Amino acid sequence: MGLGPGTLAQEDTQLVEFGALCAALGASSVGGPLSAAESALLPGGECAFPDTERVREHILSGADPLGDRIITARSASDRRIIGQVFTPATLVNEMVAWVLAQHPDRVVDCGCGSGRFALAAARANPQSRVLAVDLDPVSTLACRANAAVLGLHNVRVHNEDFVRLPLSPVAGLTAFIGNPPYVRHHHIPADLKAWARSKANELGWSRWSGLSGLHAIFFMAVVSKSAPGDVGCLLTSSEWLDVNYGRAMRDALLNGAGGRSVHILHPEARAFDDAMVTASIMCFQRGHEASSIRLQAARTPDDLHDIERKGRPVSRSRLEAAVSWTELLAPGKRAPEGFLVLGDYIRVSRGAVTGANDFFLLPGTSAQRLGLAKYCIPAITRAREVLGANGRIESSQASRHLLAVSRDDIDTSKPLADYINGRGLEVRDGYVCRSRTPWYSVPLKRPPIVATYMGRGRPAFALNPDRLPIVNVVHGLYPKVELDDDQLVGLVNFLNSSDCLGSSGRTYQGGLRKYEPGEMERMLVPPPDMLRDWTRLDS
Ligand SMILES: C[S@@+](CC[C@H](N)C(=O)[O-])C[C@H]1O[C@@H](n2cnc3c(N)ncnc32)[C@H](O)[C@@H]1O
């Protein structure tokens, strides 16, 4: 597999096997006509697949082995491009229960993946018509195979772009459900952004922002496809509740989209195994005009049981006045007007993996003794160096040096050649070293700002004016826009201050908190032009 939609390669054996398995499970017998991309995945003639019976039993027991295969076979970066994360059954069941309690005539699963929402709805209510839509043919094939095994003939599957898919009118209510793809605005194609802009104008969403992610565009598509009385129940990252681009969504819920409730799942709820975000579920009914919307902070997925009764009403006037809706659940903390998420203008990435720290990271004295000082650079190799740096780390604080050599260096230095060809023989066959050319050349990552990412408290940030290279004990922050020294200082001061809100990382057993680069990118920060307000440490 390993490929995004529309770029299928028949020589990919995993993909061919997956197609054969779906065919053997009966994928082509349900869900309506196959798309060309789906057909291309299926084997030509009759097919049997050795694993078929075991997989069938697994599906009948309520598991989703096909969805799980997609997730494990695809790399995280391939899935990130299409926003692919599959939803655990606890959340699916609560959301489906709410949707079915609205008595829809038709249920639309927006970005259906392997069909978790669509099939749960079709199973629970064989009377309702279910439409499952996904751009990824591998996923829609899995959805068809699941439906075939479960004997669900009330599901229609469309391998298409949900955003621009026209929906035929129905007599009764349509319920939109799903976990729309979370894809950041940088990865959204220009034509889709243009579509969103013109749709926003059409809907009168005056505060629509070009920084909106794909989940926001899906929400807009749902609202634009819905008729008065139709309902929606969508699971998304909770970012839109607080950031600038989310204002158009919040306005819409207060007006035509008819917000009924918003439920925010704390990151500690560990709702997702492989993607840790603060998730939120919004329930709305097109045209519903209420004087309040219920807001709930759910600490565990179980807190969502019986969604209709959960949360406390927050008045329309408070919601209209609030800059951040999360703030209404945690009074006292507010993100000021105009704030962005860090990822809007900073890329966060991990430090370099050496493959053998004992070999590549040397105390200065050892480098001298071995005659390697000329080839070693002071580096940030311990998180405590950043923790103790008080916002600015310099060469003198680096406890170890990184061996940074090229092929030419080895030809000109005997001590270096001895080290590489002597002790180096013990490490060169390790996984990381052998996948690098030459194996001893550790990539130099020299960010202007560094951050710890694991600890009991919040991460510590420090300026790195000497551009010391970093290894993967810290993250590096790289501006995507030009920031001058004052702005960098302001950003570090802000991030180290208690004003900083937003993503709180994942909490592991024992209270250790870890921030993956993507989680750090979701911290709320001032826009670049406001950073100078934090230039002085005491400001
Ligand atoms: C977060 S996943 C959710 C999958 C499934 N509904 C679940 O919750 O288990 C989002 C899905 O949206 C799909 N997707 C991405 N862009 C899409 C588009 N423009 N139209 C339809 N589906 C899309 C992805 O392939 C992915 O399967």
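What you are looking at is a predicted structure, and each value in this text was computed from that prediction instead of being measured. For ligands, and for the atoms within them, numbers begin at 1 and follow the listed sequence.
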Close N or O approach ([X], ligand 1; < 3.5 Å):
X      : result
Leu135 : yes
Arg116 : no
Gly111 : yes
Pro181 : no

Cationic N near anionic O, under 4.0 Å, [X] to [Y]:
X      : Y      : value
Asp68  : Arg116 : yes
Arg54  : Glu57  : no
Arg184 : Asp344 : yes
Arg74  : Asp136 : yes

Under-4.0 Å heavy-atom contact with ligand 1, by part of Ser114 that carries it: neither
Minimum side-chain heavy-atom gap Leu66-Leu25 below 4.5 Å: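 Side-chain contact under 4.5 Å: yes.
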Can you name the atoms of ligand 1, numbered from 1 with element, that are less than 4.0 Å from a heavy atom of [X]?
X      : answer
Val85  : 1 (C), 2 (S), 3 (C), 4 (C)
Phe117 : 6 (N), 8 (O)
Glu160 : 20 (N), 21 (C)
Asp136 : 25 (O)
Asp161 : 18 (C), 19 (N), 20 (N)
Gly83  : 1 (C), 2 (S), 10 (C)

Is it true that Tyr182 lies under 4.0 Å from ligand 1, counting heavy atoms only?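 Tyr182 does not count as a contact of ligand 1 under the 4.0 Å cut-off.
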Counting only heavy atoms, tell me which of Leu165, Thr87, Leu214, Ile70 gets closest to atom 9 (O) of ligand 1.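 It is Thr87 that holds the nearest heavy atom.
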With sequence neighbours excluded, residues passing salt bridge (Lys or Arg N to Asp or Glu O under 4.0 Å) with Arg129: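 Salt bridge (Lys or Arg N to Asp or Glu O under 4.0 Å) check on Arg129 returns Asp105.
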Residues two or more places apart in sequence or in another chain: which of them pass salt bridge (Lys or Arg N to Asp or Glu O under 4.0 Å) with Asp302?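 Once residues adjacent in sequence are excluded, Asp302 has no partner under the salt bridge (Lys or Arg N to Asp or Glu O under 4.0 Å) criterion.
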List the atom of Val348, the atom of Pro517, and the distance in Å for their closest heavy-atom pair.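 Looks like O-CB, 3.3 Å.
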I want to check a possible cation-pi pair here: Arg347 against Tyr478, using under 6.0 Å from ring centre and within 45° of the ring axis as the test.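 The answer is yes, since Arg347 meets both limits relative to Tyr478.
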